[in-house]
2 protein chains.
Amino acid sequence: MKIDPASTADLSAQIASAIRDAIVSGALIVGDRLPSEAELAEQFAVSRPTVREALKRLAAQSLIRTQRGAFGGAFVNRLSYTDAHAQQITTSTLLLGMNDISFDTACEARFAMERACAQLAALRRSPDHLATMRAEITRQGQPGLTDEAFCASDVAFHRALVDAAGNPVLSYQLAGAVEAMQPLMNMITFSARSRDAIIALHGRIADGAAAQDAGQIITALEELENYTRKLAQSVFDARATRANPT
Amino acid sequence: MKIDPASTADLSAQIASAIRDAIVSGALIVGDRLPSEAELAEQFAVSRPTVREALKRLAAQSLIRTQRGAFGGAFVNRLSYTDAHAQQITTSTLLLGMNDISFDTACEARFAMERACAQLAALRRSPDHLATMRAEITRQGQPGLTDEAFCASDVAFHRALVDAAGNPVLSYQLAGAVEAMQPLMNMITFSARSRDAIIALHGRIADGAAAQDAGQIITALEELENYTRKLAQSVFDARATRANPT
DNA sequence: AGACTTTTAAATGTCTGACAAATGAAAATC
DNA sequence: GATTTTCATTTGTCAGACATTTAAAAGTCT
């Protein structure tokens with residue numbers, strides 16, 4: 001592991017990059033202990049604070065974990081689904097929030113990916129997944145539910161559908177996409193009638209999963225996508241009219 | 001922005017978390033300048049090195065960028081697709097590399113997502129995308145190509161298919177999944193015959209895109225998935241036999 | 001007055017040295 | 001032999017200093 005003395009970049013960034021490369025390439029494997037901060041400082045010929053900044057960068061990506069005390073140090077971390085998932089949600093949420101991505105684009109991406117697991121979900125859904133879906137549908141029908149709680153339940157419902165596909169890699173990828181949509185969905189005010197429509201579509205999805213009928217799930221998802229986009233459109237139109245009345 | 005004095009977690013982690021929350025929640029928006037390190041140190045009642053460690057954590061996630069000099073400082077960064085993409089590839093690659101995920105699981109997830117954009121790709125593919133796909137197919141047929149170069153071209157081909165869907169959110173999500181598979185794919189040695197089979201399938205995908213026939217793309221992708229899994233299986237079987245000959 | 005140069009203040013980047021706190025191993029004690 | 005104490009190691013945090021970069025502000029010349 002070496003750094004380029006000619007580079008103008010921050011030393012801590014260079015050091016972090018060197019160690020990251022060693023981990024990604026497999027030169028350092030899960031559980032390996034990195035040299036102590038003092039040793040790293042000597043190896044890279046920098047001071048300990050600089051090394052520490054580099055290590056904090058890696059810790060922010062869950063690449064390492066640190067432990068105090070004798071025989072402590074920095075260890076290469078096993079990236080868990082939970083960690084990866086959390087990072088993906090942060091990244092996706094910010095990406096959607098900062099880049100003026102249209103509701104339609106985000107919606108299209110989300111439902112395209114969700115349809116991708118319909119086939120597998122129909123094949124592998126367990127009674128557990130079905131029960132979760134039914135429970136969320138019931139919750140969504142309860143009176144007095146706030147829009148936010150309705151959205152949260154919506155996310156949980158779709159999360160169950162994704163998990164039903166029984167592929168952890170798919171779950172990790174899609175859960176990020178679905179959850180990142182939530183702030184956008186939260187902008188919509190759901191009338192009682194639109195809630196009923198969504199709940200009916202959720203019911204058809206759950207029925208399709210129960211019957212192991214992928215076609216039914218996909219059809220319902222397509223209708224849900226169209227309905228969601230129409231709903232969002234009307235919200236945006238109403239806002240535009242309020243802001244700019246003729 | 002406050003931190004909990006009772007928490008046992010690292011101060012730098014707490015400070016990073018507080019600032020991150022402010023960014024994700026929208027209290028700090030793109031382009032906003034954070035207080036200087038000295039001011040932050042005073043606000044949080046910690047030393048400057050501790051503040052710096054917190055800022056480096058945020059920089060590692062591309063949440064902020066720093067600028068030296070007068071009127072410099074730390075600014076909330078617009079998370080670009082490029083940054084998000086790079087992070088996703090690192091995360092996905094490590095997740096796949098560290099967690100003993102079977103080739104089949106990863107392969108299934110990848111092709112499920114890729115099929116999800118077939119419909120959109122058939123609808124929106126531009127001459128540019130078609131040209132890229134054709135060019136990669138040509139490259140793949142060249143003699144003397146190393147296995148690694150073949151894999152890289154394979155990734156480029158599928159990347160073009162994903163981009164053809166014309167949805168940046170989808171591209172960001174899927175590019176990570178496809179590229180993260182590359183180290184796994186690199187374990188396979190491609191015989192001339194298997195290369196020919198893959199190239200033929202790529203040709204059918206490109207033809208389907210050219211004809212705007214989503215069904216053809218999906219069928220070819222399914223065959224490609226099956227073929228890839230069969231190929232990987234034979235590689236693993238051969239290894240098992242070598243390691244444990246009867 | 002306007003264009004160019006110099007100065008300067010503010011900010012990050014880096015270093016040194018120090019102490020606190022945690023932690024597990026080893027030594028001492030019962 | 002079991003328990004307690006000591007101790008070395010390592011990370012976490014702090015204080016203060018200097019180097020470097022940067023753009024605004026002041027100064028200078030035409």
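By convention in this document, chain letters (A, B, ...) are assigned in the order of the sequence lines, proteins followed by strands, and residues within each chain are numbered from 1.
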Original post:
First and last nucleotide of DNA chain D in contact with chain A, 5' to 3', at under 4.0 Å to a heavy atom: what are they?
Top reply: dA8(D) to dT13(D)
Original post:
Judged by atom type as modelled, is there a donor-acceptor pair below 3.5 Å linking the side chain of Asp32(B) to the main-chain atoms of Ile29(B)?
Top reply: yes
Original post:
Can any side-chain N or O of Glu53(B) pair as donor or acceptor with the backbone N or O of Arg52(A) at less than 3.5 Å?
Top reply: no
**OP:** Starting from the C-alpha separation in whole Å, work towards a yes-or-no answer on salt bridge (charged side-chain N to carboxylate O under 4.0 Å, His left out) for Glu225(A) and Arg115(A).
**Re:** CA-CA 10 Å; Glu225(A) 177 180 352; Arg115(A) 280 195 298 271; 2.9 Å; yes
Subject >> Sugar-phosphate or base contact per nucleotide [nucleotides 6-16 of chain C; S, B, -; heavy atom under 4.0 Å] >> reply: ---BBBBBBBB
Original post:
Can you name the residues that form a salt bridge (charged side-chain N to carboxylate O under 4.0 Å, His left out) with Arg125(A), not counting sequence neighbours?
Top reply: none
Original post:
Got a sec, which residues hit salt bridge (charged side-chain N to carboxylate O under 4.0 Å, His left out) with Glu108(B), two or more places apart in sequence or on another chain?
Top reply: Arg124(A)
Original post:
Sequence neighbours excluded, which residues qualify as ring pair (Phe, Tyr, Trp, His ring centres under 6.0 Å) partners of Phe111(A)?
Top reply: none
Subject >> Residue pairs fulfilling side chain to side chain donor-acceptor pair (under 3.5 Å) with at least one residue in residues 68-78 of chain A, sequence neighbours excluded >> reply: Arg65(A)-Asn77(A)
